[in-house]
Amino acid sequence: MTAFRLRRPFLPLRRSLLALALAAPLLASAQDSATAGREAVTLDALEVTAQRKVENIQDVPVSISTLSGEKLGVLASGAGDVRFLSGRVPSLNIESSFGRAFPRFYIRGLGNTDFDLNASQPVSLVYDDVVQENPILKGFPVFDLERIEVLRGPQGTLFGRNSPAGVVKFESAKPSQEAGGYARLAAGTDGLWNVEGAWGGPLTDRWSVRVSALYQRREDSVDNTHPGAANDGLEGFDESAARVQFLYEGEDFEALFNLHGRHLNGTARVFRANIIQPGTNDLVPGFDRDRVALDGQNFSELDSQGGSARLRWDLGDHNLYSITGYETVETINRGDIDGGYGAVFLPPELTGPGIIPFASESADGLPDHRQITQEFRIESDYGQRFEWQAGLFWFDEDLTVDSFNYDSLAPGNPRAGYAVQTQRNKAWAVFASGEFAATEQFKLRGGLRYTQDEKEFSATVFEGAPFGAPVGGPYDVSVDDSNVSWDLSGVYEASDAVNVYARVATGFRAPSIQGRLLFADPTAPNGGVTTASSEDAISYEVGIKADLWDRRARLGFNVFRYEVDDQQIIAVGGDANIATLLNAERTSGQGVELDLEAWLTDTLLVTLGSSYNDTEIQDADLSVAGCAQCTVTDPPVLDAGGLPTGRYYIDGNALPQSPKWVHNVTARWGVPVGQGEFFVFTDWAYRSEVNFFLYESPEFTGKSTLEGGLRLGYSWSEGDREVALFGRNITDQTRIVGGIDFNNLTGFLNEPRTLGVEFTARF
């Protein structure tokens, strides 16, 4: 079976793409002949800060991928949120049941499907050296960036919170004494607008500034056909963000100040009832992604602000750093979770689409939140064989989560459940690492970190809901733990162009608390508040990094294996509709990753990323509740009389949202035309099938996806002006990317095709 199917109206597009693919090498060859005798195009050295200092990526003993420049701009076109990064580098998957507001990151299969607003994730997101802990903060828009780095495997000895899965690291473009900036304007289908720009330059001979802003808008593209619905249109949004930075550069002192904010107003994720054919993961016949019938309300509102101060003192043989960060966010998301209208006890003509066993409409909000971080770090600058760095880190987060349930069968959708959670999370750590050049060809690196983490949690049910705990509380829970994590690696320079490396690293995630009491077992202690103890990971990795063909190509390849003891997992939904934290005795993963970038000709640049991940839950006694209507294929748990209990053993299952295969490819070809350049840029990302939940069932197994982009453009004025036609998800592939399992065969979809035109000016 092919990964996607083109509808008949798009056959001309398919033929055009095929013709372009066949013609490009011939045209490129002709262009090469015309430019024969000129110096061959080579790849510039790629600098990263994966080890908290600027280094050539080839010298870093970590599996790392980067996105920057034109490639990053192309992927972000069409007003995409941070989820556009999914599958664009090896072993990275990103999904969300909240739409643009709450991305969940997975690296090498390790992530967290928990949808609660205090959920911790094993993938750490670091924005301008400040960790973004709350999952809402991780969705800050992508604009005016210098680069994105994705570091795979545990990175706990150098970055913020411990990160057993890896780090996604964003670096904004910085102010400088050289004045300049850019402006970009795009318009597209479904009333799409994307406007962004930046300007920076000197204020004095010591001070410089850079101001960046983004505005994105898309009109509702899905019609709600239910009579008298609160929303007659869905999936539109209006989002804006801004960032201003001030840089002071003195003789022995440097300071960078950053202020940023975000506003989002739109619809939350649209759930669609009974769109999955029973016994399969196919869409039902006649499915129309442009129409739904919902009787509940749907909206998403978000405001966040933050700031940071990064200070550096040059002390001669040492550099001292202070990084202070502050973040706050306020948000509310409300959705019609049952994905339809009515309920089974109503007349058939008043319920649909398909069977709706019971109505479900809920909302979650963060009315109060603040995060404060502080890091002090000192590093040596001897210029000798041994260099080191050490530091202290402090983290303090305080948040309140409001949970609401509504009765969509009553006029006005009145509130029918209300609970409040509060959580205070404080952590501190001390860390140190060093690098020793044992020989001119061989370097050793090692790091050590001690972490202390504690959480104080309280939950109260003020109004009971049909599937939650009764009125009561407060239910108070506290957890804490400490950990020593470490890493050790070596890099050997086999030649001027080839480095080989090996790395072993451990990671740690502190205990977690789940207190979503409107979806909890009413008979459980503490009203259904559950906890998961800390998890510990160890990862082994060997790899090679090489510059090939006289630096016309760059290769990164590695083999890895990891094990996680007591991995924190979340059982969400099931026929009882309960959210429960669990610890799996052990999980494991192994695989390979490939990054390749090459000038195949002087006019054709190609990148290829690929990964294979084989994950497995290893816990013979661990079981979870099954879905309400799907077909669970795991072994059932039987009671003393040999009858099914509705629970299933998950030993041997792959981790949820963990695809075995991720592939991506980009190709850019350009040819001089007149006083400028005509270019074609295409990109494709493939992800194999995934489980949506901990158990396995055909209905909630997401099909493989293959989404592509195409950009045709012309640039002139030495590349400072550009106009382009673009398309995202150009084949208009429709895929179910997540589900709701406690009510019916409800799912939600990937983003639809977007076509548009974009103009960019750099100055």
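Keep in mind it's a predicted model, so treat the numbers as computed, not measured.
Of the charged side-chain nitrogens involved, none lies within less than 4.0 Å of a carboxylate oxygen, so that Arg728 and Glu751 do not count as a salt-bridged pair. Salt bridge Arg83/Glu95: absent, no basic N to carboxylate O contact under 4.0 Å. A salt bridge does not link Glu541 to Arg503: none of the charged side-chain nitrogens sits closer than 4.0 Å to a carboxylate oxygen. A salt bridge links Arg554 with Glu597: at least one charged nitrogen is closer than 4.0 Å to a carboxylate oxygen. A salt bridge links Asp683 with Arg88: the closest approach of a Lys/Arg side-chain nitrogen to an acidic carboxylate oxygen falls below 4.0 angstrom. Classification of Arg509 and Asp536 as a salt-bridged pair fails, no side-chain N sitting under 4.0 Å from a carboxylate O. A salt bridge is defined here as a Lys NZ or Arg NE, NH1 or NH2 lying under 4.0 Å from an Asp or Glu carboxylate O, and Arg586 with Asp619 fails to meet this definition.
Looking only at side-chain heavy atoms (C-beta outward), Leu110 and Val123 stay at 4.5 Å or farther from each other. With contacts defined as side-chain heavy-atom distances shorter than 4.5 Å, the pair Thr731/Arg753 does not qualify. Side-chain contact between Val150 and Ile107 is present, with at least one heavy-atom pair separated by less than 4.5 Å. A heavy-atom distance below 4.5 Å is not found between the side chains of Phe693 and Pro656. The shortest side-chain heavy-atom distance between Tyr106 and Leu92 does not fall under the 4.5 Å cut-off. A heavy-atom distance below 4.5 Å is found between the side chains of Phe508 and Ser534. Side chains of Phe681 and Lys71 form a contact here, defined as non-hydrogen atoms less than 4.5 Å apart. You'll find the side chain of Arg310 reaches within 4.5 Å of the side chain of Asp128, heavy atoms only.
In terms of the ring-ring contact (aromatic ring centres under 6.0 Å, His included) criterion, residue partners of Phe102 (sequence neighbours excluded) are, by chain and number, Phe98.
In terms of heavy-atom proximity, Asp595 sits nearest to Pro90 at OD1-CD, 3.7 Å. Nearest approach of Thr701 to Asn691, heavy atoms of both residues: OG1-OD1, 3.9 Å. When every heavy atom of Leu72 is checked against every heavy atom of Val142, the shortest pair comes out as CD1-CG1, 4.4 Å. The two atoms that bring Glu146 and Ser68 nearest to each other are O-CB, 3.4 Å, heavy atoms only. Glu593 and Ser63 get closest at one heavy-atom pair: OE1-OG, 2.8 Å. The shortest non-hydrogen separation linking Pro103 to Pro135 is CD-O, 3.6 Å.
Cation-pi geometry between Arg108 and Tyr562 is not met at under 6.0 angstrom from the ring centre and within 45 degrees of the axis.
A side chain to side chain donor-acceptor pair (under 3.5 Å) with Asn750 is found for one member of Gln733, Arg735, Glu707 and no other, namely Glu707. Thr49 pairs in a side chain to side chain contact (heavy atoms under 4.5 Å, CB included) with only one of the listed residues (Val54, Val60, Leu158), which is Val54.
For residues 429-443, the pairs satisfying salt bridge (Lys or Arg N to Asp or Glu O under 4.0 Å) are Lys53-Glu435, Glu435-Lys443, Glu435-Arg445, with sequence neighbours left out.
Without hydrogens or angle criteria, Glu696 side chain to Leu694 main chain gives no donor-acceptor distance under 3.5 Å. A side-chain donor-acceptor contact under 3.5 Å links Thr682 to the backbone of Gly709. At least one donor-acceptor pair under 3.5 Å links the side chain of Asn583 to the backbone N or O of Ser533. Listed for the Lys545 side chain is a donor-acceptor partner under 3.5 Å among the backbone atoms of Ile57. Looking only at distances, a side-chain donor or acceptor of Ser688 sits under 3.5 Å from a matching main-chain atom of Lys660. Distance alone, capped at 3.5 Å, is enough to place a donor-acceptor pair between the Asn499 side chain and the Gln58 backbone. At distances below 3.5 Å, not a single donor-acceptor pair connects side-chain atoms of Asp634 with backbone N or O atoms of Ile650. Side chain of Gln371 to main chain of Val131: a donor-acceptor pair is present (N/O by atom type, distance under 3.5 Å, no hydrogens or angles). Under a 3.5 Å cut-off, the side chain of Asp547 and the backbone N or O of Ala497 do not form any donor-acceptor pair. Not one N or O on the side chain of Glu149 forms a donor-acceptor pair closer than 3.5 Å with the backbone of Arg147.
Between the side chains of Gln618 and Ser588, at least one donor N or O lies within less than 3.5 Å of an accepting N or O. No hydrogens or angles considered: nothing links the side chains of Thr451 and Asn483 as a donor-acceptor pair under 3.5 Å. Looking only at atom types and distance, the side chain of Ser512 has a donor-acceptor partner in the side chain of Gln568 under 3.5 Å away. The closest side-chain donor-acceptor pair between Thr601 and Trp599, if any, does not fall under 3.5 angstrom. Counting only N and O atoms by type, the side chains of Arg152 and Ser611 include no donor and acceptor under 3.5 Å apart. For the 3.5 Å distance criterion, the side chains of Ser485 and Thr506 fail to qualify, holding no donor opposite an acceptor.
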Run the numbers on Glu375 and Tyr321 for side-chain hydrogen bond (donor to acceptor under 3.5 Å, both in side chains), then give the verdict.
-> CA-CA 8 Å; Glu375 179 179 302; Tyr321 296 85; over 6 Å; no
Please assess Asp59 against Val491 for the test side chain to side chain contact (heavy atoms under 4.5 Å, CB included), listing each intermediate value before the final yes or no.
-> CA-CA 7 Å; Asp59 299 329; Val491 183; 5.6 Å; no
Kindly indicate, with the supporting measurements, whether the criterion side chain to side chain contact (heavy atoms under 4.5 Å, CB included) is fulfilled by His663 and Arg687.
-> CA-CA 7 Å; His663 307 303; Arg687 184 221 66 194; over 6 Å; no
Under the side-chain hydrogen bond (donor to acceptor under 3.5 Å, both in side chains) criterion, do Ser433 and Thr157 qualify, and how do the steps go?
-> CA-CA 7 Å; Ser433 64; Thr157 62; 6.0 Å; no
Might you work through the side chain to side chain contact (heavy atoms under 4.5 Å, CB included) test for Phe748 and Val737, ending with a clear yes or no?
-> CA-CA 6 Å; Phe748 46 91; Val737 294; 3.9 Å; yes
Show your reasoning for whether side chain to side chain contact (heavy atoms under 4.5 Å, CB included) applies to Thr113 and Phe692.
-> CA-CA 9 Å; Thr113 60; Phe692 294 153; over 6 Å; no
Evaluate the criterion side-chain hydrogen bond (donor to acceptor under 3.5 Å, both in side chains) for residue pair Gln155 and Ser163; output intermediate values, then yes/no.
-> CA-CA 6 Å; Gln155 309 295 326; Ser163 46; over 6 Å; no
Under the side-chain hydrogen bond (donor to acceptor under 3.5 Å, both in side chains) rule, what do Thr603 and Arg668 come out as? Steps first, then yes or no, please.
-> CA-CA 8 Å; Thr603 58; Arg668 188 194 190 277; over 6 Å; no
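Between Phe140 and Tyr127, the ring center distance clears the sub-6.0 Å criterion.
Below 30°, between 30° and 60°, or above 60°: for Phe386 and Phe436 the angle between ring planes is between 30° and 60°, a tilted geometry.
For the atom pair Ser308 OG and Asp129 CG, the distance stands at 8.5 Å (nearest 0.5 Å). Once rounded to the nearest 0.5 Å, the distance linking OG1 of Thr666 with CG of Leu605 reads 6.5 Å.
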